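One structure is given below, encoded as structure tokens.
Note on naming: letters A, B, ... go to the chains in the order of the sequence lines (proteins, then strands), and numbering restarts at 1 for each one. Not measured: the values here are computed from a predicted model. Below, all heavy atoms of this structure are taken into account, side chains as well, without hydrogens, waters or symmetry copies.
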Amino acid sequence: MEFGPDVGLEELCPVCGDKVSGYHYGLLTCESCKGFFKRTVQNNKKYVCAEQQECTVDKSQRKRCPFCRFQKCLHVGMRLEAVRADRMRGGRNKFGPMYKRDRALKQQRKALIRAGGFRTERGPPLLPSAHHRDLTFTGHFQPVPTLHNTPLLVAQNDHTSYQPPSLCSLLPSNSHGTTQYQCSPFSNWTIKSEHCAAGRATGLFSPQGPRMPQLVREFLRCDLDEVQLRKKITARLLQEQKRCEEQGNPSTFNLMCLMADQTLFSIVEWARTSIFFKQLKVSDQMKLLHSCWSELLLADIISRQVLYGKQGSVLLVTGHEMELSDVASHAGPTLASLIQRGQELVEKLHIQKVDRQEFACIKFLILFNPEVKQLEDHQFIESVQEQVEGALLEYTLDTSQLLGHFAHLLLCLSELRSLSRLAEDYLYSKHLSSEVPCNNLLIEMLHAKHSWA
DNA sequence: GTAGCCTTGACC
DNA sequence: GGTCAAGGCTAC
């Protein structure tokens, strides 16, 4: 693959939006931000913000507040250590391999965009890639044991009384925003993510196991623990079943809604404690979650089927299996069609041998959607998405050696998004006909989205 | 202080 | 020898 000398130069400076002149201190920036960063670090400048440390930094206003400009430089990932203490001119620094790798990734992304498979809802399918991978992840996760033919609600757990919290109360009010850039782990991760190629030689990759970008490792570390999730949700369902028995048996549909609701709680908890997301302001966290909750929920269900499910059955979050034919026979035409499309997607992902690492990346791609309107920290969210795409691309290239696999994942993500919209519409119609239990997170999310539309 | 252009020098 | 990311210079 050829890498033209101008790869990335058409991009905009992540600090001020001006034209990029090259890689400077860790990433592509414009000439003025390069100079500003150099002067600040070399001369050990200390700035003070006259406002609330939230000043706009763009091409026309970048001179107004050097404090916020410098904070933004650090926030987007400019590296203090790239400024030479000895002021030696010329030569190359340790970031050389990182820049090279970043160029390669950008070039690959451009190739995929040209091929029509990247960030598109309707792009033509790329070449399918059957591949075989044997990845051994040595993390804490244990596969879900099959619980076929066991009673639905069997777990014993503490039965604290249930109060449905709102999304707002689930997110911390002290989550910091743009003022706490310094020492943020973000810049650290920027380097680690981009530094993967060099990292293999410098110890960023674990000596055992597959070559896995550090960012993908972190996504796995943040990921929901399936066993804990199963215990938690089973306990909650048991509690609900007891409550409902006093008022008559709950319908299967109601139990499914409750299951989805509880999974949603866990998804919010996962997001809240995840890398990058916890750095966002609560307002942005809410906007992102309101926008993508159904996609995350569906991704959770689909990934469970692909990773642990059996053909012809549906594996529930509680660990129980339901015969697909049984489910379909009890569903109306809309739900049956949704299940059918869901199964087709599961099949596609199964053929592609999509693994936990890739699902973990997909969830972050879903969460960090820069197309969500009125985001306060749009640039950060966009940069996170780029990093996730880069890490996923790198991982898929390392494990499958096929560019088509990455494109396939993105196509499956498009299908998942489209499916989740249909599922939301279905759920909303059921809600309007009072068939969905009220006063839960599921309904709050449904209302939030429909109030925008 | 800013920012555009110039010089330098390790790496390919 | 070309490239390009460092630091330097200087008009504004």
Side-chain angles (χ1 to χ4, degrees), chain A residues 1-111 178 181-182 186-204 379 383 386-387 390 394 397:
Chain A
M1 189 177 290
E2 283 180 27
F3 305 118
D6 60 342
V7 171
L9 294 186
E10 72 281 8
E11 286 185 30
L12 300 178
C13 173
V15 180
C16 70
D18 201 354
K19 201 178 137 208
V20 154
S21 69
Y23 284 92
H24 306 294
Y25 309 110
L27 70 160
L28 287 166
T29 72
C30 68
E31 195 64 22
S32 69
C33 288
K34 165 202 156 189
F36 169 77
F37 190 77
K38 179 185 71 175
R39 287 193 302 275
T40 302
V41 179
Q42 279 182 341
N43 304 325
N44 196 23
K45 298 267 186 201
K46 301 282 182 237
Y47 306 117
V48 176
C49 178
E51 303 291 327
Q52 306 298 311
Q53 303 185 347
E54 289 177 342
C55 304
T56 304
V57 181
D58 58 25
K59 192 180 173 184
S60 62
Q61 300 179 77
R62 64 192 175 197
K63 285 196 267 189
R64 282 176 59 177
C65 180
F67 177 89
C68 290
R69 189 182 188 182
F70 187 59
Q71 294 305 309
K72 195 165 178 189
C73 286
L74 295 170
H75 183 53
V76 299
M78 291 183 82
R79 306 294 293 186
L80 295 163
E81 63 268 36
V83 180
R84 295 171 186 164
D86 60 3
R87 298 202 166 198
M88 195 193 79
R89 300 175 76 183
R92 286 277 191 271
N93 63 17
K94 63 178 177 176
F95 297 113
M98 181 184 91
Y99 296 146
K100 195 177 169 185
R101 185 65 175 180
D102 191 56
R103 277 202 179 88
L105 287 171
K106 282 187 164 64
Q107 187 75 23
Q108 284 166 344
R109 275 185 215 155
K110 277 170 77 176
T178 49
Y181 294 140
Q182 207 137 14
F186 173 55
S187 51
N188 232 5
W189 283 112
T190 306
I191 290 301
K192 283 179 179 172
S193 167
E194 293 174 334
H195 207 42
C196 289
R200 280 176 203 123
T202 56
L204 281 175
Q379 212 159 33
S383 79
E386 281 177 12
Q387 286 185 75
E394 182 162 17
L397 286 174

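Each of A:Gly91 and A:Gly35 was assigned the nucleotide of DNA chain B with the nearest heavy atom; the assignment lying further toward the 5' end belongs to A:Gly35. When each of A:Arg92 and A:Lys34 is assigned the nucleotide of DNA chain B bearing its nearest heavy atom, the one mapping closer to the 5' terminus is A:Lys34.
At the phosphate of C:dA5, neither OP1 nor OP2 sits under 4.0 Å from any side-chain N or O atom of A:Arg79. Between A:Tyr99 and C:dA6 there is a side-chain N or O to OP1 or OP2 distance below 4.0 Å. Regarding contacts with the backbone of C:dG8, a side-chain N or O of A:Gln42 is found under 4.0 angstrom from either OP1 or OP2.
Taking atom CZ of residue A:Arg87 and atom C1' of nucleotide C:dA6, one finds them 12 Å apart after rounding to whole Å. One can place CD of A:Glu31 at 17 Å from P of C:dA11, the figure rounded to the nearest angstrom. Across the protein-nucleic acid pair, A:Lys38 atom NZ and C:dC4 atom C1' stand 15 Å apart, rounded to whole Å. Note: CG (A:Leu27) to C1' (C:dA6) measures 15 Å, nearest angstrom. Atom P of nucleotide C:dG8 and atom NE2 of A:His24 are separated by 16 Å, given to the nearest angstrom. Per the geometry, NZ belonging to A:Lys100 stands 15 Å off P belonging to C:dT3, to the nearest Å.
Contact annotation for A:Arg39: base contact, defined as any heavy-atom pair under 4.0 Å involving a base atom. Contact annotation for A:Lys45: backbone-only contact, meaning every heavy-atom pair under 4.0 Å involves sugar-phosphate atoms and none involves a base. Using a 4.0 Å heavy-atom cutoff across all strands shown, A:Arg69 reaches sugar-phosphate atoms only and no base atom.
In the helix from B:dG1-C:dC12 to B:dC12-C:dG1, the end axes, each obtained as the rotation axis mapping the C1' atoms of four pairs onto the next four within a five-pair block, lie 10° apart to the nearest 10 degrees.
Residues in residues 34-49 of chain A take part in these salt bridge (Lys or Arg N to Asp or Glu O under 4.0 Å) pairs, two or more places apart or across chains: A:Glu31-A:Lys34.
Rounding to the nearest 0.5 angstrom, the gap separating the CZ atom in A:Phe70 from the OH atom in A:Tyr47 is 7.5 Å. To the nearest 0.5 Å, atom CG of residue A:Leu28 and atom SG of residue A:Cys33 are 12.5 Å apart. Remark: A:Gln52 CD to A:Cys65 SG distance equals 11.0 Å, nearest 0.5 Å. Rounding to the nearest 0.5 Å gives a distance of 11.5 Å between NZ of A:Lys63 and SG of A:Cys16. With rounding to the nearest 0.5 angstrom, the CZ atom of A:Phe95 is 4.5 Å from the CD atom of A:Glu81. Put simply, CG on A:Asp58 and CZ on A:Arg69 are 10.5 Å apart, with the number rounded to the nearest 0.5 Å.
A donor-acceptor contact shorter than 3.5 Å is absent between the side chain of A:Lys59 and the backbone of A:Gly17.
Below 30°, between 30° and 60°, or above 60°: for A:Tyr25 and A:Phe37 the angle between ring planes is between 30° and 60°, a tilted geometry.
For DNA chain B, the outermost nucleotides in 5' to 3' order that have an atom under 4.0 Å from a heavy atom of chain A are B:dG1 to B:dC11.
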